[in-house]
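Remarks on the structure that follows.
Along the sequence shown, the residues carry numbers beginning at 1. Atoms considered below: every heavy atom in the structure, side chains included; atoms not considered: hydrogens, waters and symmetry mates.
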Amino acid sequence: MVHLSCYGGKKAMSEKYIISIDQSTQGTKALLFDEGGKLLGREDLPHRQIVSDLGWVSHDPEEIYSNTVHVVRRLLQSTRIAPDHVAALGISNQRETSLVWEKATGRPVADAVVWQCARAAGICERVKAGGEQVHRKTGLTLSPYFPAAKLAWILENTEGAKEKATRHELCMGTIDTWLVWKMTGGAAYKTDYSNASRTQLFNIFDLKWDEEICSLFGLNPNDLAEVCDSNSRFGETDLDGTFPHPVPIYAVLGDSHGALFGQGCLEKGMIKSTCGTGSSVMMNIGEMPVLSTHGVVTSIAWGMDGKVSYCLEGNINYTGAVISWLKEEVGLIDSAGETEGISQAAFKDDSLYFVPAFTGLGAPYWDSAATGSLSGITRTTGKKEIVRACVECIAYQIADVTEAMSSDSHLPVKELRVDGGPTRNRYLMQFISDILDADVLVPETEELSGIGAAYAAGIGCGLYGPEIFDGMRRKVYGSKMPEQIRKKKKAGWKNAVERTLTRA
């Protein structure tokens with residue numbers, strides 16, 4: 001099914017445009033932007049979520065590439081933009097999803113292993129003695145979440161793959177590398193700093209693939225893609241005949257990094273939260289990396305014009321997914337939109353807390369064995385209070401991560417820029433502001449990952465200048481909660497979380 005949206009009529013033929021491709025976990029979008037950075041149109045296509053009997057989650061890389069071509073073609077048709085007036089392409093991509101393909105044929109040796117999939121846990125267990133070294137060099141906690149173990153798993157569990165790797169016949173990496181390689185007909189085998197820093201194979205201090213870490217996972221750094229600035233020229237493509245002449249690819253960013261850039265978090269201390277199925281909270285910490293001691297990870301935000309900026313990030317497993325659970329498994333709501341009104345109508349002094357540890361807790365707790373809980377039930381607890389507790393758990397989790405980042409960076413959080421579907425819930429946005437005691441800024445559009453890639457591509461090709469960030473309008477939520485109530489609520493949440501933890 002294609003989402004068709006036309007934002008305007010036929011455009012002046014003298015104008016130039018940017019197309020960003022936002023390749024996410026659920027589907028692929030193509031977004032069209034004019035010379036002023038205005039979003040003119042969007043097309044998207046979903047792809048299959050391939051789930052095995054063991055719960056392993058995979059994607060078909062060929063389907064993803066085919067969808068990429070088709071959404072761009074449909075975008076040009078729906079907006080009636082002449083293909084030869086596209087100045088550049090940008091890419092934002094789901095991170096950590098990993099795949100391996102043959103250099104000679106371009107065929108994937110297996111389906112891509114999705115970031116959610118923990119099938120490589122055994123490999124992490126096998127190399128856990130090197131966990132401290134992994135963290136010290138890559139900024140990441142040893143986990144099957146990251147591509148290092150996923151790529152090793154593919155090579156070890158796909159017939160003939162290990163032998164082909166030994167003969168250097170394979171390419172491997174994340175979805176951005178696959179798309180760039182396919183779009184350029186195999187001419188460009190590249191990734192950017194943001195995606196490389198999420199592989200658990202890249203030394204974020206030396207800015208290169210780390211030989212010792214690669215060896216730990218049985219991988220050869222020479223088989224990995226060239227790492228480039230996020231706004232460099234990655235190659236050019238006619239996208240299987242879509243364009244009459246090759247169009248340059250001028251930006252590649254992991255989706256959360258794209259959202260950080262699109263939100264205009266360009267200065268040290270600026271922080272955003274992208275809320276989707278889960279959430280990525282990310283803080284720009286400037287040009288000097290800081291290793292976390294409070295349960296978040298360090299990555300590279302981007303490389304731009306020869307300079308690298310770093311970030312702290314905390315990934316929350318369940319935010320929007322909590323609302324889906326309320327609807328699909330529990331049946332307390334019929335749509336996500338109901339949660340705002342129900343939360344407003346709930347008994348205000350109810351002491352209910354919901355901890356969504358469906359598959360353990362992520363940052364900053366990192367307890368994979370933790371299980372969820374609904375605590376603080378009283379005689380006033382009913383459907384409305386349960387729904388509100390599920391909504392509020394999103395705010396509490398974001399607060400946990402931002403506090404950890406503030407402790408690591410020694411930077412106060414004065415405002416949080418938020419994007420994603422849950423931003424439609426005004427009760428939630430206000431509650432985040434209240435719990436953080438900080439302003440929450442919500443942009444008028446939700447397409448921040450794609451916007452970030454578009455802005456980076458437009459700047460890279462010279463179509464945009466730094467003023468492009470000034471045009472975004474935002475709604476501001478300011479804290480209204482008395483400090484005494486805030487402290488009481490946060491203490492109740494911390495107590496609820498402690499009861500779910502299995503570690504000492």
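Here the side chain of W209 pairs a donor or acceptor atom with the backbone of A225 at under 3.5 angstrom. Formation of a donor-acceptor pair under 3.5 Å by the T28 side chain with backbone atoms of L45 is not found in this model. No donor-acceptor pair under 3.5 Å is formed between the side chain of Y17 and the backbone N or O of P83.
At a threshold of 4.5 Å between non-hydrogen side-chain atoms, the residues M172 and I154 do not count as touching. Put simply, the side chain of V290 does not reach to within 4.5 Å of the side chain of S409, judged on heavy atoms.
Ionic pairing of E287 and K268 is not present here: no N-O contact between side-chain nitrogen and carboxylate oxygen is shorter than 4.0 angstrom. Ionic pairing of D419 and K272 is not present here: no N-O contact between side-chain nitrogen and carboxylate oxygen is shorter than 4.0 angstrom. A salt bridge links E96 with R198: the closest approach of a Lys/Arg side-chain nitrogen to an acidic carboxylate oxygen falls below 4.0 angstrom. One finds a salt bridge joining E236 and R233 here, because a Lys/Arg side-chain nitrogen approaches an Asp/Glu carboxylate oxygen to under 4.0 Å.
A donor-acceptor contact under 3.5 angstrom links the side chains of D223 and H168, judged on distance only.
For F33, the ring pair (Phe, Tyr, Trp, His ring centres under 6.0 Å) test picks out no residue, with sequence neighbours left out.
Each of L31, L76, V71, T79 was evaluated against I19; a single residue qualifies, L76, per the side-chain contact (heavy atoms from CB on, under 4.5 Å) test.
Here the closest heavy-atom approach between residue F261 and residue G452 is recorded as CD2-O, 3.5 Å. Nearest approach of D111 to S58, heavy atoms of both residues: CB-CB, 3.8 Å.
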